Amino acid sequence: NVHSFTFKMTTVKNKAPAEVQITAEQLLREAKERELELLPPPPKQKITDAEELNDYKLKKRKGFEDNIRKNRTVISNWIKYAQWEESLKEVQRARSIYERALDVDHRNITLWLKYAEMEMKNRQVNHARNIWDRAITILPRVNQFWYKYTYMEEMLGNIAGCRQVFERWMEWEPEEQAWHSYINFELRYKEVDKSRTLVMVHPEVKNWIKYANFEEKHGYIALARKVFERAVEFFGEEHISENLYVAFSRFEEKQKEFERVRIIYKYALDRVPKQQAQELFKNYTVFEKRFGDRRGIEDVIVSKRRFQYEEEVKANPHNYDAWFDYLRLVESDTDADTVREVYERAIANTPPIQEKRHWRRYIYLWINYALYEELEVKDPERTRQVYQACLELIPHKKFTFAKIWLLYAQFEIRQKNLQNARRGLGTAIGKCPKNKVFKGYIELELQLREFDRCRKLYEKYLEFSPENCTTWIKFAELETILGDSDRARAIFELAIGQPRLDMPEVLWKSYIDFEIEQEEYENTRGLYKRLLQRTQHVKVWISYGQFELSIDSDDRIQRCRQIYEEANKSMQGCEEKEERLMLLESWREFEDEFGSLANKERVRKLLPEKVKKRRKITAEDGSDAGWEEYYDYIFPEDAANQPNLKLLAMAKMWKKQQQEDEEEQEEEEQQIVVEESEGIISQTFAELSCYL
């Protein structure tokens, strides 16, 4: 059968909004407020006979069972049910309810606790023990069960049973508080030895300290010290803690073992990182102020500075300045082994790049190390090893340090081992010849008066660096000192014949001075002429003239004047007019001292005129940058400059004539003013006389 339904639409006549609007928020708020309204309490029911009591029990049990049936997993319903039965002294029924609840959720901690508490309240000790045993078997990690169980056994006076429970508990290695509870339990019954034998499952610093305090408290000082020592050994240097050392130091301080305290602090400060040792420093400082002397306080400060340097070198091992400061500190305060250890750590940080500029600071670590071993420790064999290790480390094919080779040679000389010194310097010349090495080796042989060796070294040196004028000069000076002037002259000849020289003017001057000292004046003149063939420098001419003037001979003045004339003639085409002026001024000074009036006037006429000129300035980009003024010299001998000189002379004459005309005009004007003044004065006197 098919049924048809007809829906009638309701029409709303007034679609305007209501005057009072009700929001969803208001509805929810009102519902919440009505929940808080107190319902009237149920009426009190008085039970007068057993039948009413049974009806009441039946009704309540039916309600509890219904709640349990609706939701078995809500344990609070089970607990309320069991507690209600317990209130009616129906322990057996309550026990049955707890057992039923445990079947539902046997891992509920509250359920076990309520069950056991019920048994204890009703003095059912064996039942309670049974429940606790079941609970700790099922949930051994719930510490609350163990605490309750042990407390119950101790309250019952079953000390052996309580200890047995603790032993079972400790097998599970519980948290620290459980062990402390066991220890306190044994201490309450004066079982100190049993407390001591407990195994430390939580070897933390605070537990070691508590253990030591325990021994100290019971008067076992040696055992307490042994505990601290075991703790230090146990943690080692990897897991070191300042709290342990602070407690150890305070313990020894109580025992008046001040030296032991000081050693403990120093040992700790050497190993504890700086950022973790603030409390350690503070306690050490207080201890030294109380029981130490000035030296002890200084040790504290030194230790603190050592920590700072340690942190710096750890942050940047290639900070060699920090290593220098650190080594300076340890050298002044610690033993040789410690200093060596720091030096070995420092020199292990070789520069990462094989460039000399990166090695300059680093190499001084080796130098200081060797000097320390030689001067402070007085160990020459170890010093030799340091030098040799350093020389093996330096990459001599790329660069070397002459200072190291020379210091090593000087060390061997001090040890009276000349053969090793020569061998070392010879190796340096063979591997990496340097000017400083040659100079040091030659100086050494000179001090030993081994002149033949010096000659050979100079020959090697000049083969290595033939352009070094200083070496040629020193070689020639050596031969001069030895009285072999011919060899010295030959050396100078070889030197000036070299195609490249770094300071040829110094070499020529030395050669000339050598010939002058030997009073070989002809050779000296020959040298000056050869030098003037190479250069026309004004100082050479002046030096040549002064040389001729210095010779004690009759024609020295004439020779000197002739040189000045030749010099002036050769320098007429010189572009550097200042040099030519310098020559003429020197010539003028010579003539002022030794020449006649004619010669003086002649030189005076050769002097140039100084004129001011202007020239254009061009910028770097080629644009015009303006004009600048400069001074130029015009020499009378220069034929091209004769018109300029005439023009200059005419300009000077015109300027002089202008000045003379101006002076004459000023004199005439002054004469007119004087005459007028005299006329006015005479007229005034005439008028005054007429009046009188």
Side-chain angles (χ1 to χ4, degrees), residues 266 270 294-295 298-299 301-303 305-310 312-313 317-351 356 358-394 396 399-429 431-432 434 436-450:
K266 289 182 179 179
D270 288 339
R294 182 178 178 182
R295 176 64 181 172
E298 290 177 354
D299 288 343
I301 298 171
V302 168
S303 299
R305 288 176 60 194
R306 286 188 66 186
F307 269 98
Q308 293 174 353
Y309 290 136
E310 281 287 349
E312 288 184 22
V313 298
H318 295 94
N319 183 3
Y320 300 121
D321 291 329
W323 281 112
F324 287 130
D325 295 336
Y326 189 12
L327 289 164
R328 198 177 301 115
L329 176 68
V330 296
E331 282 182 17
S332 64
D333 192 66
T334 53
D335 57 329
D337 291 336
T338 306
V339 176
R340 282 172 179 159
E341 180 186 354
V342 178
Y343 266 117
E344 291 294 337
R345 288 171 54 200
I347 61 179
N349 299 296
T350 55
K356 191 168 184 177
H358 295 288
W359 284 64
R360 291 187 188 278
R361 296 291 291 164
Y362 169 73
I363 209 67
Y364 277 96
L365 289 173
W366 286 95
I367 294 173
N368 292 346
Y369 190 9
L371 293 176
Y372 173 78
E373 291 288 351
E374 181 184 2
L375 303 178
E376 299 295 334
V377 187
K378 313 248 184 241
D379 189 347
E381 187 57 36
R382 191 172 180 88
T383 306
R384 186 175 291 109
Q385 293 174 3
V386 171
Y387 276 121
Q388 290 173 354
C390 177
L391 292 172
E392 290 177 3
L393 181 66
I394 298 172
H396 299 291
F399 58 86
T400 189
F401 292 93
K403 183 184 290 292
I404 291 291
W405 292 103
L406 295 175
L407 286 173
Y408 177 43
Q410 292 166 7
F411 160 73
E412 293 291 0
I413 294 294
R414 288 193 293 272
Q415 302 302 317
K416 299 180 181 179
N417 197 340
L418 182 60
Q419 191 64 28
N420 281 354
R422 283 174 172 159
R423 187 183 297 114
L425 290 173
T427 305
I429 292 172
K431 281 186 175 181
C432 44
K434 286 191 70 177
K436 289 183 180 179
V437 177
F438 278 111
K439 289 178 182 177
Y441 199 177
I442 291 169
E443 185 179 354
L444 171 65
E445 297 295 352
L446 279 174
Q447 291 174 356
L448 297 172
R449 301 295 185 266
E450 294 286 346

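The structure presented is a predicted model; accordingly, all values stated were derived computationally and were not measured.
In this structure, T400 OG1 and K436 NZ are separated by 11.5 Å, a value rounded to the nearest 0.5 Å. One finds the CG atom of L391 at 5.5 Å from the NE2 atom of H396 (value rounded to the nearest 0.5 Å). The OH atom of Y364 lies 15.5 Å from the CG atom of L327; values are rounded to the nearest 0.5 Å. The line from NZ of K439 to CG of L406 is 11.5 Å long, rounded to the nearest 0.5 Å.
The minimum heavy-atom distance linking H318 with T350 is given by the pair NE2-O, 3.1 Å. When all heavy atoms are compared, the tightest approach of R423 to N420 is NH1-OD1, 2.5 Å. Between G426 and Y441 the shortest heavy-atom distance is N-CE1, 4.2 Å. In terms of heavy-atom proximity, Y369 sits nearest to E344 at OH-OE2, 2.8 Å. Of all heavy-atom pairs between I363 and C390, the closest is CD1-SG, 3.7 Å.
In this structure, the side chains of W366 and L393 come closer than 4.5 Å at one or more pairs of heavy atoms. Side chains of Y343 and N368 form a contact here, defined as non-hydrogen atoms less than 4.5 Å apart. Using a 4.5 Å heavy-atom threshold, the side chains of L418 and L448 count as touching. Residues V377 and R382 fail the side-chain proximity criterion, which asks for heavy atoms closer than 4.5 Å. No side-chain heavy atom of T383 sits under 4.5 Å from any side-chain heavy atom of Y372.
Formation of a donor-acceptor pair under 3.5 Å by the Y320 side chain with backbone atoms of N349 is found in this model. For the pair W323 (side chain) and P317 (backbone), a donor-acceptor distance under 3.5 Å is present. Not a single donor-acceptor pair under 3.5 Å links the side chain of R361 to the backbone N or O of H358.
Remark: K356 is positioned above the aromatic ring of F401, its terminal NZ or CZ atom under 6.0 angstrom from the ring centre and at most 45 degrees off the axis.
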Which donor-acceptor pairs under 3.5 Å do side chains of residues 407-416 form with protein atoms, sequence neighbours excluded?
from: Y408; atom 1: OH; to: Q388; atom 2: NE2; distance (Å): 3.4
from: Y408; atom 1: OH; to: E412; atom 2: OE2; distance (Å): 3.1
from: E412; atom 1: OE1; to: R384; atom 2: NH2; distance (Å): 3.3
from: E412; atom 1: OE2; to: R384; atom 2: NE; distance (Å): 2.8
from: R414; atom 1: NE; to: E374; atom 2: OE2; distance (Å): 2.8
from: R414; atom 1: NH2; to: E374; atom 2: OE1; distance (Å): 3.0
from: R414; atom 1: NH2; to: E374; atom 2: OE2; distance (Å): 3.2

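Separation of the Y362 and W359 ring centroids falls under the 6.0 Å cut-off.
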